[in-house]
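The next block holds one structure in the form of structure tokens; read it before the comments.
Quantities reported herein were computed from a predicted structural model and do not represent experimental measurements. Letters A, B, ... mirror the listed sequences (proteins, then strands); counts begin at 1.
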Amino acid sequence: MNNLTKGSKYEWETIIGLEIHAQISSKSKLFSSSSTKFGSEPNTQVSLVDAAMPGMLPVINEHCIRQAIKTGLGLNAKINKFSIFDRKNYFYPDLPQGYQISQYKHPIVGEGVVTIDFKDGSSKNIRITRLHLEQDAGKSLHDQNPQKTYVDLNRSGVALMEIVSEPDMRSSEEASIFITKLRSILMYLGVCDGNMQEGSLRADVNISVRKIDSDLGTRCEIKNLNSIKFIKQAIEFESKRQIKILEEGGIIEQNTLLFDSTTGKTKSMRSKEEAHDYRYFPDPDLLPLKLEDSYIDLIKKEIPELPDNRKNRYKNDYGLSNYDSSILTSEKSVSDFFDKVININTNLKKEAKLVVNWITSELFAFLKKDNKSIEDSPISPENFGKLIQLIISDKISGKIAKDVFEEMYKFNKSPDIIVQEKGLNQVSDTKEIEKIINNIIDTNQDRVKEYKAGKNKLLGFFVGLAMKESKGRANPKILNKILIEKLK
Amino acid sequence: MKIDKNTTQKIARLCKLRVNNEEIEELSLQLSSILDWVEQLNEVNTEDIEPLSSVSTENLPLRKDEESKKDLSKEILSNSPENLENFFVVPKVVE
């Protein structure tokens with residue numbers, strides 16, 4: 001795959017690494033028992049620990065440790081049996097402690113790898129540098145009052161996993177496939193709800209450009225992107241901005257940027273003189289976290305079938321392509337739907353490709369139009385399976401099936417009932433089809449002569465007429481066969 | 001180790017402390033002498049020794065994932081100089 005960007009003078013390569021903040025699915029916060037529920041009244045989920053009242057001590061939530069280990073295992077990563085919680089010091093009104101409890105030199109999870117798949121069937125490994133546990137900050141509202149900032153600490157102290165990748169991506173496309181894949185792994189594992197709109201999954205993008213085979217350029221960091229679309233747009237804008245500066249003889253200054261989704265541009269967040277100095281040091285309130293092998297082994301047993309395992313199952317058991325399999329598995333809910341359909345009976349297993357096509361074309365199109373997710377599909381996997389079986393057994397044609405599908409979607413009915421009610425059964429009875437064809441030949445003698453004189457294209461014209469006459473119900477294979485014979 | 005005035009100024013800024021010129025002079029001297037004293041520790045050979053992050057041999061105490069539904073917002077906000085509709089209100093922190 002060629003990932004080079006043409007500037008006005010040279011060709012450039014874009015180097016991208018991501019830092020992903022994933023909110024851990026848990027009832028209570030990382031170091032306090034306040035609720036993590038989204039969208040509550042401001043400051044109603046703030047304990048004395050979260051508000052950093054003097055003398056309060058953090059006590060870690062065991063569930064969050066398990067979730068981090070589970071994620072580490074899902075990312076094929078090394079679990080560190082010894083890790084340390086550090087204080088990352090900075091001042092901001094939505095950080096009452098004046099520091100964030102994070103992990104610096106000794107994170108709970110070390111190096112791992114995520115495999116991403118491309119449309120052309122190829123794939124690529126993106127290395128994971130580390131995963132660590134940390135607290136989220138509160139939320140600041142800057143746009144409510146011209147002189148004031150409003151602060152809500154409900155989110156303060158909620159458990160996050162920061163997942164850092166190596167700079168292994170070379171285009172906005174690769175970055176977006178990577179984050180989609182990572183999100184699906186987290187959702188399969190049930191460690192994060194993956195809701196980007198509510199901020200459960202946010203990404204910081206590190207990006208630099210270089211001429212081919214030269215040293216890495218200076219990087220800039222785009223902070224806090226909360227949609228895959230914005231991540232792509234931000235990377236594309238920023239890569240062009242850096243190329244332009246370099247081609248005009250300028251230099252890139254290391255900088256932290258914000259992406260403005262209304263203008264599609266990145267802008268500097270803070271000037272260099274205010275560059276952060278976090279003064280990390282081990283938090284004296286927290287002891288090091290030591291893990292036993294037996295504890296990690298127990299968590300290993302809880303790991304469900306992950307996207308890559310499912311993908312391989314689809315490829316090996318049903319003969320699906322790598323790309324089809326990765327489309328199905330990228331959302332757990334889609335893959336679950338497919339599994340339910342395919343498990344109805346062995347005929348469907350043999351026609352897995354047909355099932356995939358109907359999911360990714362018809363079903364996706366209808367769901368997209370109504371902005372629905374597959375979990376809310378009005379067509380149940382059972383009825384979906386029945387429709388495919390009607391097609392496989394030649395009871396209805398593919399064209400009629402589309403009409404039936406629409407009825408099923410609108411009225412939540414079984415396809416058998418729709419076919420019966422509307423009399424849509426495919427006609428495979430040779431006599432009935434013959435009758436229709438005889439009729440057409442009789443009334444179109446001129447065209448029959450032309451056909452016999454060598455105008456073979458006219459076959460389509462006759463097929464069309466016969467189909468119309470049968471109201472789309474004639475079995476096309478039988479129709480074609482009889483028609484050709486009759487026209488000899 | 002000598003702490004110069006610029007370093008003291010930087011530390012003050014990181015701590016959000018306002019200090020005047022005379023104070024900086026004096027603080028720099030004090031900080032330098034504290035560091036000089038602590039630097040005696042460097043006389044010990046610590047090669048091949050992992051940094052100690054805790055003197056306790058206990059394991060980190062763990063908590064179950066249980067939420068408390070107690071709304072403490074009144075108490076929490078009672079310490080704030082200004083609040084509105086359950087938000088803390090502070091001077092604007094972005095331009």
Identify which part of A/S32 has an atom lying under 4.5 Å from any heavy atom of chain B, answering side chain, backbone, both or neither. backbone
Under 4.5 Å from a heavy atom of chain A, the part of B/E82 involved: side chain
Please tell me if the side chains of B/L14 and A/D277 come closer than 4.5 Å, counting only heavy atoms from C-beta onward. yes
Decide yes or no for B/I76 and A/L48: does some side-chain heavy atom of the first lie under 4.5 Å from some side-chain heavy atom of the second? yes
Given a strict heavy-atom distance threshold of 4.5 Å, which part of A/I60 is in contact with chain B: side chain, backbone, both, or neither? both
Region of B/K70 that comes under 4.5 Å of a non-hydrogen atom in chain A: backbone
Within the structure provided, determine whether A/L141 and B/F87 are in side-chain contact (heavy-atom separation under 4.5 Å). yes
Report which part of A/Y92 has an atom under 4.5 Å of a heavy atom belonging to chain B: side chain, backbone, both, or neither. side chain
Side-chain heavy atoms of A/H142 within contact of B/V93, under 4.5 Å: yes
Locate the shortest heavy-atom distance separating A/F31 from B/R63; write the atom from each residue and the value. C-NH1, 3.4 Å
So, the part of B/N79 with a heavy atom under 4.5 Å from chain A: the answer is side chain
Should A/K148 and B/V90 count as side-chain neighbours, where that means a heavy-atom distance under 4.5 Å? no
With a 4.5 angstrom heavy-atom cut-off, is it the side chain or the backbone of A/I65 that approaches chain B, or both, or neither? side chain
Contact part of B/K64 toward chain A, heavy-atom cut-off under 4.5 Å: side chain, backbone, both or neither? backbone
Measure across B/L72 and A/S47 and return the closest heavy-atom pair with its distance rounded to 0.1 Å. CD1-CA, 4.0 Å
Can you check whether B/F88 reaches A/D152 side chain to side chain, under 4.5 Å on heavy atoms? no
Report which part of A/E62 has an atom under 4.5 Å of a heavy atom belonging to chain B: side chain, backbone, both, or neither. both
Verify side-chain contact (heavy atoms from CB on, under 4.5 Å) between B/D71 and A/Q45, making sure each step is shown before the conclusion. CA-CA 6 Å; B/D71 174 6; A/Q45 291 167 188; over 6 Å; no
Structural part of A/P282 lying under 4.5 Å from a heavy atom of chain B: side chain
For A/P146 against B/K92, the heavy-atom pair lying closest together: O-CD, 3.2 Å
